[in-house]
Amino acid sequence: MNIGISTGCFFPQNPKDALIRVGEMGAKYVEIFFNTYSELETEYVLNLKNIADEYGMKIVSIHPFSSAIETFMFFSMNDYKLEDSIKLYEKYFKACNILDCKYVVFHGCLKNSKYMDMERYCHNLNKLSVKAREYGVYISQENVFKYKCGYEENLKEFIKYADKDIKFTFDIKQTVKSRQGIYRILNLVKDRINNIHISDYVGRNYSMVPFNGKFNYDKFFEYLRENTTAESAVIEVYLNSFENDTQLVESMNNLQKYS
């Protein structure tokens with residue numbers, strides 16, 4: 001298991017500075033959060049690649065800034081925006097090629113969208129996945145609590161209708177926020193998982209630095225190792241969850257025993 005840190009821990013810091021910050025922590029694996037469209041320009045992405053190479057980091061996945069509006073891009077009542085949205089995401093796929101990265105994280109459709117059932121959801125998602133594969137890239141669906149794929153009943157349908165090429169990013173804190181069973185969700189998507197967003201929690205305090213809560217990492221990583229296709233696990237907590245970078249470094253170092 002590749003252990004690392006997501007630049008999302010430092011949002012809204014710009015990705016270049018956040019990536020340098022992660023490199024200085026000694027992380028060798030990283031997920032990059034993009035914040036705005038200009039960061040997808042070739043020159044900017046090349047700068048990110050140079051930073052990663054300088055620090056000896058492997059970029060395991062990227063996270064689009066447009067995740068928050070994917071409902072309105074890919075899952076409108078009418079599909080006339082779908083092709084344009086796929087063209088926009090080609091920018092992310094091209095960025096992945098420059099960054100030597102295989103996965104683009106995807107949030108999907110808001111859970112309260114009543115006219116988008118999971119069969120139609122996957123029909124549209126499959127179209128995006130086909131385009132991603134033309135670039136040698138995979139879409140990685142995340143279980144975000146505001147979105148359809150944060151919930152067990154929808155994931156059962158996702159497994160039925162989504163192309164096998166579509167992977168999965170499992171986020172601990174999102175599972176806690178959606179009040180879903182961690183191992184029930186994992187069991188559904190175990191053959192698709194490529195990446196884990198690591199955090200800790202106590203009760204409803206769901207974005208704690210690992211080893212500051214009560215989560216059983218021994219059990220969790222044993223399950224991942226024996227039952228899933230997970231390749232990487234990156235710490236992803238909110239900026240207000242830690243006081244200094246040393247806390248993240250210590251947490252990452254403690255997680256290395258699962259690598």
Side-chain angles (χ1 to χ4, degrees), residues 1-67 88-106 131-140 142 165 167-171 193-199 209-210 229-239 242 244-259:
M1 184 74 66
N2 302 321
I3 303 297
I5 297 176
S6 169
T7 66
C9 295
F10 313 114
F11 177 84
Q13 188 173 38
N14 75 71
K16 283 196 292 188
D17 290 343
L19 188 58
I20 291 170
R21 195 169 172 180
V22 172
E24 290 179 343
M25 292 180 186
K28 296 305 177 187
Y29 300 92
V30 60
E31 178 175 284
I32 295 180
F33 268 54
F34 286 88
N35 295 345
T36 188
Y37 189 80
S38 63
E39 294 163 0
L40 293 173
E41 296 301 326
T42 299
E43 183 179 358
Y44 191 96
V45 179
L46 284 170
N47 284 335
L48 293 176
K49 180 66 165 99
N50 289 336
I51 293 168
D53 289 347
E54 179 182 351
Y55 286 97
M57 290 185 289
K58 168 67 177 174
I59 299 164
V60 298
S61 52
I62 67 171
H63 194 293
F65 65 87
S66 47
S67 293
L88 172 62
Y89 270 52
E90 284 189 73
K91 296 282 282 186
Y92 294 111
F93 306 152
K94 291 175 182 177
C96 280
N97 287 169
I98 294 171
L99 296 169
D100 191 24
C101 167
K102 293 193 299 182
Y103 302 107
V104 175
V105 178
F106 193 79
K131 180 58 67 175
R133 295 301 300 132
E134 291 179 13
Y135 289 86
V137 174
Y138 296 89
I139 299 299
S140 185
E142 186 178 3
D165 278 343
K167 305 302 182 181
F168 203 87
T169 295
F170 179 82
D171 189 302
I193 295 175
N194 66 286
N195 193 23
I196 307 293
H197 286 167
I198 294 290
S199 54
V209 173
T229 54
E231 302 168 6
S232 304
V234 296
I235 299 170
E236 189 205 273
V237 294
Y238 302 137
L239 185 61
F242 57 96
N244 55 65
D245 293 356
T246 300
Q247 292 176 277
L248 295 180
V249 173
E250 291 176 350
S251 175
M252 179 181 64
N253 290 339
N254 285 333
L255 288 167
Q256 291 297 341
K257 66 180 179 180
Y258 303 113
S259 63

Rounding to 0.5 Å, atoms CG (Leu48) and CG (Leu99) come to a distance of 6.0 Å

When you compare the side chain of Ile198 with that of Tyr258, does any pair of heavy atoms fall below 4.5 Å? no

On a heavy-atom basis, the closest approach of Ser61 and Glu31 is OG-OE1, 2.5 Å

Sub-3.5 Å donor-acceptor pair from the side chain of Glu24 to the main-chain atoms of Arg21, do we have one?
no

| task | Indicate yes or no for a side-chain donor-acceptor contact from Asn97 to the backbone of Tyr135 under 3.5 Å, with no hydrogens or angles considered. | result | yes

Notebook entry, point to check: Hey, does Val60 have a side-chain heavy atom less than 4.5 Å from the side chain of Tyr103?
Noted result: no

Separation between CG (Asp245) and CD (Glu250), nearest 0.5 Å, reads 11.5 Å

On the 0 to 90° scale, with breaks at 30° and 60°, tag the His63-Phe33 ring pair as parallel, tilted or perpendicular.
-> parallel

Discussion item. Counting C-beta onward and ignoring hydrogens, is there a side-chain heavy-atom pair between Lys58 and Asp100 closer than 4.5 Å?
Written reply: yes

Note, Phe93 side chain near Val104 side chain (heavy atom, < 4.5 Å): yes

What I'd like to find out is whether the side chain of Val30 reaches to under 4.5 Å of the side chain of Val234, using heavy atoms alone.
no

| query | Got Tyr55 and Val22 here, is their nearest side-chain heavy-atom distance under 4.5 Å? | reply | no

Rounded to the nearest 0.5 Å, the CG atom of Asn253 sits from the OG1 atom of Thr246 at a distance of 10.5 Å

* To do: For the pair Asn244 (side chain) and Gln247 (backbone), establish whether a donor and an acceptor sit closer than 3.5 Å, ignoring hydrogens and angles.
  => yes

Do any N or O atoms from the side chain of Glu39 and from the backbone of Thr36 form a donor-acceptor pair under 3.5 angstrom?
-> yes

Scanning both residues in full, the closest heavy-atom pair of Met57 with Ala27 reads CG-O, 3.0 Å

Leu19 and Ala52 have their tightest heavy-atom pair at CD2-N, 4.1 Å

Does CD in Glu43 sit with more than 12 non-hydrogen atoms of other residues, nucleotides or ligands closer than 6.0 Å? no

State, with a plain yes or no, whether a side-chain heavy atom of Arg133 is found less than 4.5 Å away from one of Tyr138.
-> yes

Residues at least two apart in sequence or cross-chain that pass salt bridge (Lys or Arg N to Asp or Glu O under 4.0 Å) with Glu134, listed by chain then number, are Lys131

On a heavy-atom basis, the closest approach of Leu248 and Cys9 is CD1-CB, 4.3 Å

Q. Any idea how Tyr92 and Phe65 line up, ring-wise: parallel (<30°), tilted (30 to 60°), or perpendicular (>60°)?
A. tilted

Separation between NZ (Lys28) and CD1 (Ile5), nearest 0.5 Å, reads 11.5 Å

Tyr44 meets the side-chain hydrogen bond (donor to acceptor under 3.5 Å, both in side chains) criterion, sequence neighbours left out, with none

Nearest heavy-atom approach of Ile193 to Phe170 is CD1-CB, 4.4 Å

Hits for salt bridge (Lys or Arg N to Asp or Glu O under 4.0 Å) against Lys16, two or more places apart or cross-chain, chain-then-number order -> none

Item to check | Heavy-atom side-chain contact between Ser67 and Val105 under 4.5 Å | outcome: no

Note: Gln13 and Ala18 closest approach over all heavy atoms is OE1-CA, 3.7 Å

Rounded to the nearest 0.5 angstrom, the NE2-OG distance for His197 and Ser232 is 10.0 Å

Rounding to 0.5 Å, atoms CG (Asn195) and OG1 (Thr169) come to a distance of 5.0 Å

field: Residue pair Tyr238, Ser199: steps toward the side-chain hydrogen bond (donor to acceptor under 3.5 Å, both in side chains) verdict
entry: CA-CA 10 Å; Tyr238 302 137; Ser199 54; over 6 Å; no

